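Just so you know, ligand 1 is whichever comes first in the structure, and atom 1 is the first atom listed for that ligand. On a predicted model such as this, the values are computed, not experimentally measured, just so you know.
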Amino acid sequence: MRKELTFLGIETSCDETAAAIVKEKRNGAKEIISNIVSSQVNVHKKFGGVVPELAARAHIEKIEFIIKKAIHKGNIDINSLDGIAATAGPGLVVCLTVGLNIGKAIAASLNKPFVAVNHLEGHALSPRINKKINFPYLLLLISGGHTQFLKVSGINNYKRLGTTIDDALGEAFDKTAKLIGIEFPGGPKLEQWAKKGDKNYFKLPKPILKRGGCNLSFAGLKTAVLHVSKNFKNYKEKYHLAASFQKTINDILYEKTKVAMNEFKKDSSENTFVIAGGVASNESIRKNLIKLSKEQNFTAIFPPINLCSDNAAMIAWAGIERYKMKLTNDFKFPLKARWPLDASAPFLKGAGVKF
Ligand code: KG4
Ligand code: ZN
């Protein structure tokens, strides 16, 4: 029988200060003992986006309290922890440094193993907390900073199949929301506004839909949204734009996921499709990708909503998965503002990228 493992996870890569305790029991069952997330929405609201220095200051003010809360809520003796995992990248340097250094300090003071976690690997492995999912699986990672199709063959084993060549999907949602006049954070609210509008009212572009494999682009769509938003005839058109934008995103994801599924199937007989990251909370995107998966004989798996957006349970879990593979780190492990899951994939961002 395997050993029971309990990890503390710490996450401060952007604007959520988070700590969690996750346990893997001897029989392989996993349990989220505590999962504390402190959002900084009120700090950044008046600026319409995340201000790195303010985010870092809020992390510094709250991190000790949040970690203590995770430990107390979990009723855990910290000496019984098997290890500490903290996000080391990618993300905002001034923010990452807070969680990474406190994670190292706790591990050093308790003389426990330390795991430096890639935030994207946290998202990628998050559905494995609640479900038994075998490798390999196709992953669509849709967050505020990243949008990628990946083949996940194991821990630390990722092949990028496609990526956005400009904005991340969450970024596209947030920028569109801002142009419509929806207050920060725009993505989740845009989904609510879309429910009140006509999704066929505005016809918006779908950049590189029929070319570029399963790479994606949202910049042209943003420009079109900007144009429409300058010429609203009435308030109702704001709802129509939210609905039309979301429909266009769903059309793009439907087509591009089909391409990614075909690519994935070339060298894999598995048929699991995992969708993770903050944007995976979107109900209409969930329905759209579940429908496509059924048509393509894939099983679509979404983490529960509280594990889609940034949290530390996914970091603690990634810590456990890596620890079991003996992938622990020493305290010299550097912070990595940029840290792709597939280091061999070419950098595909910027004006020079053409399909
Ligand atoms: O994964 P996440 O919490 O943070 C990053 O790692 O980036 O993702 C945050 C992003 C934001 O852009 C937010 O607007 C978007 O996810 N988001 C949504 C929804 N909920 C969160 N976008 C569209 N619809 C939603 N329901
Ligand atoms: Zn994230």
Side-chain angles (χ1 to χ4, degrees), residues 9-18 20 35 37-41 44-45 48-50 52 55 59 86-92 95-96 99 117-127 139-148 150 164 166-180 182-195 197 199 218 221-222 225 242-243 245-250 252-253 274-289 302-315 317-318 337-341:
I10 300 170
E11 157 65 38
T12 62
S13 66
C14 190
D15 59 341
E16 322 278 1
T17 315
N35 188 15
V37 181
S38 169
S39 165
Q40 300 177 2
V41 167
H44 305 291
K45 207 182 222 166
V50 177
H59 286 312
T87 304
L92 300 167
C95 294
L96 285 164
V117 172
N118 182 320
H119 178 86
L120 306 177
E121 184 161 60
H123 279 301
L125 302 176
S126 61
L139 169 71
L140 171 60
L141 177 61
I142 36 179
S143 71
H146 296 85
T147 297
Q148 297 185 343
L150 293 142
T164 176
D166 38 59
D167 291 347
L169 187 52
E171 203 180 346
F173 263 93
D174 294 340
K175 285 179 178 169
T176 297
K178 206 170 177 179
L179 290 172
I180 295 177
I182 303 173
E183 68 175 2
F184 175 84
K189 284 187 190 144
L190 189 145
E191 184 180 10
Q192 300 312 317
W193 281 46
K195 287 183 182 151
K199 63 180 182 187
F218 302 108
L221 174 56
K222 188 180 62 194
V225 166
F245 168 80
Q246 192 171 262
K247 178 200 179 280
T248 307
I249 292 296
N250 271 316
I252 295 171
L253 288 180
V274 167
I275 304 96
V279 189
S281 324
N282 184 293
E283 205 52 48
S284 79
I285 290 178
R286 285 183 172 231
K287 280 192 189 139
N288 178 40
L289 294 177
F302 293 85
I305 302 277
N306 68 330
L307 295 184
C308 283
S309 48
D310 286 350
N311 65 88
M314 69 182 192
I315 304 304
W317 174 245
R338 189 176 170 273
W339 189 4
L341 282 178

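- Those atoms of ligand 1 with a heavy atom of E191 less than 4.0 angstrom away are 25 (C), 26 (N).
- Of the possible donor and acceptor atoms, one in the side chain of R286 sits under 3.5 Å from a partner among the backbone N and O of A280.
- The nearest protein atom to atom 22 (N) of ligand 1, hydrogens excluded, is given as G187 CA, 3.7 Å; this is a heavy-atom distance.
- With respect to atom 15 (C) of ligand 1, the closest heavy atom belonging to the protein is V279 CG2, 3.9 Å.
- When heavy-atom distances to ligand 1 are checked against a 4.0 Å cut-off, H119 comes that close only through its side chain, counted from C-beta outward.
- To the nearest 0.5 angstrom, E191 atom CD is 8.0 Å from S281 atom OG.
- Note that CG of L140 is 10.0 Å distant from CD of Q148, once rounded to the nearest 0.5 Å.
- Taking the N/O/S atoms of D310 in turn, the shortest distance to the Zn ion (ligand 2) belongs to OD1.
- With hydrogens and angles ignored, the 3.5 Å screen pairs a side-chain donor or acceptor of H59 with a backbone N or O of C14.
- If you number the atoms of ligand 1 from 1 as listed, the ones under 4.0 Å from a heavy atom of G170 come out as 12 (O).
- The nearest N, O or S atom of H146 is not closer to the Zn ion (ligand 2) than 2.8 Å.
- For a threshold of 3.5 Å applied to N or O pairs, the pair formed by G277 and ligand 1 contains no separation below that value.
- Ligand 1 lies out of reach of P185, whose nearest heavy atom is not under 4.0 Å from it.
- Using modelled atom types, one finds a donor on one side chain and an acceptor on the other under 3.5 Å when comparing E11 with S13.
- Close N/O approach between S309 and ligand 1 is not found [any backbone or side-chain N/O within under 3.5 Å].
- Contacts of N282 with ligand 1, taken as heavy-atom pairs under 4.0 Å, involve both backbone and side chain.
- Within the model, atoms OG of S284 and NZ of K199 stand 9.0 Å from one another, a figure rounded to the nearest 0.5 Å.
- No donor-acceptor pair closer than 3.5 Å links the side chain of S309 to the backbone N or O of G278.
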Could you walk me through whether K189 and Q192 pass the side chain to side chain donor-acceptor pair (under 3.5 Å) check?
CA-CA 5 Å; K189 284 187 190 144; Q192 300 312 317; over 6 Å; no

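- A distance-only check finds no donor-acceptor pair linking the side chain of D166 to the backbone of T164 [under 3.5 Å].
- Not a single N, O or S atom of C14, from either the backbone or the side chain, sits less than 2.8 Å from the Zn ion (ligand 2).
- Where the criterion is an N or O separation shorter than 3.5 Å, residue side chain and backbone included, G186 fails it with respect to ligand 1.
- At the top of the distance list for atom 12 (O) of ligand 1, counting protein heavy atoms only, stands D174 OD2, 2.7 Å.
- Judged by the shortest distance from any of its heavy atoms, H123 lies inside the 4.0 Å radius around the atoms of ligand 1.
- Here the side chain of D15 pairs no donor or acceptor atom with the backbone of V50 at under 3.5 angstrom.
- Proximity to G145 (heavy-atom distance under 4.0 Å) selects the following atoms of ligand 1: 7 (O).
- In H123, the N, O or S atom that comes nearest to the Zn ion (ligand 2) is NE2.
- For atom 1 (O) of ligand 1, the closest non-hydrogen atom on the protein side is G278 N, 2.9 Å.
- In this structure, the side chains of L169 and L253 come closer than 4.5 Å at one or more pairs of heavy atoms.
- Atom CD of E171 is separated from atom NE2 of H146 by 10.0 Å, given to the nearest 0.5 angstrom.
- Of the protein's non-hydrogen atoms, the one nearest atom 7 (O) of ligand 1 is G144 N, 2.7 Å.
- Distance from atom 4 (O) of ligand 1 to its nearest protein heavy atom, with residue and atom name: D310 OD2, 3.0 Å.
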